[in-house]
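Okay, structure first, notes after.
In what follows, every chain begins at residue 1, and chains take the letters A, B, ... in the order their sequences are listed. Keep in mind that the numbers below use all heavy atoms, side chains included, and drop hydrogens, waters and symmetry copies.
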2 protein chains.
Amino acid sequence: MIYSSELIKGTLKTIVLKMLEDNTRMYGYEMTQRVKELTHEKIQITEGALYPTLHVLEEDGLVTTELEYIGKRARKYYSLSPQGKTKTKEKVSELADFMDTMKFLLDIKTQSA
Amino acid sequence: MIYSSELIKGTLKTIVLKMLEDNTRMYGYEMTQRVKELTHEKIQITEGALYPTLHVLEEDGLVTTELEYIGKRARKYYSLSPQGKTKTKEKVSELADFMDTMKFLLDIKTQSA
DNA sequence: CAAAAGTACATAAGAATCTTATGCATTATT
DNA sequence: AATAATGCATAAGATTCTTATGTACTTTTG
């Protein structure tokens with residue numbers, strides 16, 4: 001089972017930031033694999049969604065990049081900037097708060113389910 | 001504090017269906033007020049987002065409508081169809097599952113926060 | 001009692017974000 | 001040798017939301 005795509009909307013940026021908080025640096029492809037693995041395939045980040053998001057984070061100054069070569073193949077590592085670290089804490093706690101609120105909404109009258 | 005709009009994306013349809021499951025019938029404006037009240041203003045559903053969503057639910061056969069007049073003012077009540085009831089259970093349990101997964105992702109290495 | 005605020009519907013242009021498809025190139029596996 | 005995996009990227013189109021606007025009735029307030 002894979003979550004319907006609409007659910008994941010709006011959380012991608014936060015997921016990326018959170019992973020970078022935990023791993024100091026990661027590259028794009030690695031992120032797609034990590035999320036897949038951590039969620040037992042339930043969340044699949046597509047490259048078409050990820051790369052534009054990473055570029056926006058960079059434009060916004062939340063991440064910095066380093067290009068490295070493994071043999072002849074390029075890898076672009078992303079790390080949180082100081083502003084990125086602050087932003088990550090904000091986004092993560094907002095999402096946690098939001099999920100508590102949503103859980104409350106979903107639990108009303110249907111404590112069983 | 002109001003949640004950033006991107007967070008709410010993708011959950012609106014589920015919220016609406018869930019409210020209709022709990023209340024047998026509601027009208028649009030009522031839904032906006034109910035959510036605002038239940039979430040202490042943290043989630044504000046705008047009419048520009050809600051009405052098109054309701055129309056889609058109707059087109060998809062998940063809800064039925066009844067028009068009523070309070071004096072001269074029209075109210076459009078929405079109720080779940082049988083398919084809507086089934087769909088609601090699916091959507092609600094998917095969202096609950098998704099939130100557990102997200103919580104797991106956010107808790108990694110940052111059990112404090 | 002007039003003005004403002006609230007109730008109640010609706011649509012439409014534009015923005016944001018994601019999907020799907022495609023492209024290129026290198027490296028590992030079968 | 002062919003296929004799959006790694007690794008980046010972009011672009012057209014779809015979806016969904018924001019913001020603005022419009023209409024009209026009803027209630028509250030100064």
- Query: Are any of A:H55's side-chain N or O atoms less than 4.0 Å away from OP1 or OP2 of D:dT10?
  - Reply: yes

- Query: Between B:T32 and B:I45, which heavy-atom pair has the shortest distance, and what is it?
  - Reply: CG2-O, 3.6 Å

- Item | Whole-Å gap separating C1' (C:dT20) and CD1 (A:I8) | 15 Å

- Item | Atom-to-atom span, OH of B:Y29 to P of D:dT23 - whole angstrom | 20 Å

- Message: So A:T46, base contact, sugar-phosphate only, or nothing? Heavy-atom distance under 4.0 Å.
- Response: base

- Task: Indicate whether OP1 or OP2 belonging to D:dC8 is found under 4.0 Å from a side-chain N or O atom of A:Y51.
- Result: yes

- Quickly work out the B:L54 CG to D:dC17 P distance and round it to whole Å. 11 Å

- Message: Counting only side-chain nitrogens and oxygens, does A:T53 get under 4.0 Å of the OP1 or OP2 atom of C:dC18?
- Response: yes

- Task: Give the rounded distance in Å between these two atoms: CD of B:E37 and P of C:dT7.
- Result: 12 Å

- Please report, rounded to the nearest Å, how far the P atom of D:dA24 is from the OH atom of B:Y69. 13 Å

- Task: Give, for atom NZ of B:K87 and atom OG of B:S81, the distance between the pair rounded to the nearest 0.5 Å.
- Result: 11.0 Å

- Query: Looking across every strand, which nucleic acid part, if any, lies under 4.0 Å from B:E6 by heavy atom: base, sugar-phosphate, or nothing?
  - Reply: sugar-phosphate

- Classify the nucleic acid contact of A:G71 as base, sugar-phosphate or nothing, counting any heavy atom under 4.0 Å across all strands shown. sugar-phosphate

- Message: Does D:dT6 have its OP1 or OP2 closer than 4.0 Å to a side-chain nitrogen or oxygen of A:R73?
- Response: no

- Item | Polar side-chain atom of A:Y77 near backbone of A:G28 as donor-acceptor pair, under 3.5 Å | no

- Item | Heavy-atom pair of closest approach, residues A:K13 and A:L57 | CG-CD2, 3.5 Å

- Item | Nearest-nucleotide comparison on DNA chain D, the residue closer to the 5′ end among A:Q33 and B:Q44 | A:Q33

- What's the CG-C1' distance between B:L7 and D:dC17, to the nearest Å? 13 Å

- Which atoms form the tightest heavy-atom contact between A:V35 and A:T39, and what is the distance? O-OG1, 2.8 Å

- Item | Residue-phosphate contact under 4.0 Å: B:K9 side-chain N/O, C:dC18 OP1/OP2 | no

- Query: For the pair made of CD in B:E59 and P in C:dA10, what is the distance, rounded to whole Å?
  - Reply: 12 Å

- Note on the structure: Rounded to whole Å, CG of A:L12 lies from C1' of C:dA16 at a distance of 13 Å

- Query: Does D:dG7 have OP1 or OP2 sitting under 4.0 Å from an N or O in the side chain of A:Y27?
  - Reply: yes

- Task: Would you indicate what A:A74 reaches in the nucleic acid, counting non-hydrogen atoms under 4.0 angstrom: base, sugar-phosphate, or nothing?
- Result: sugar-phosphate

- Counting side-chain heavy atoms from CB outward, which of D:dT18, C:dT17, C:dT19 is closest to A:A49? C:dT19

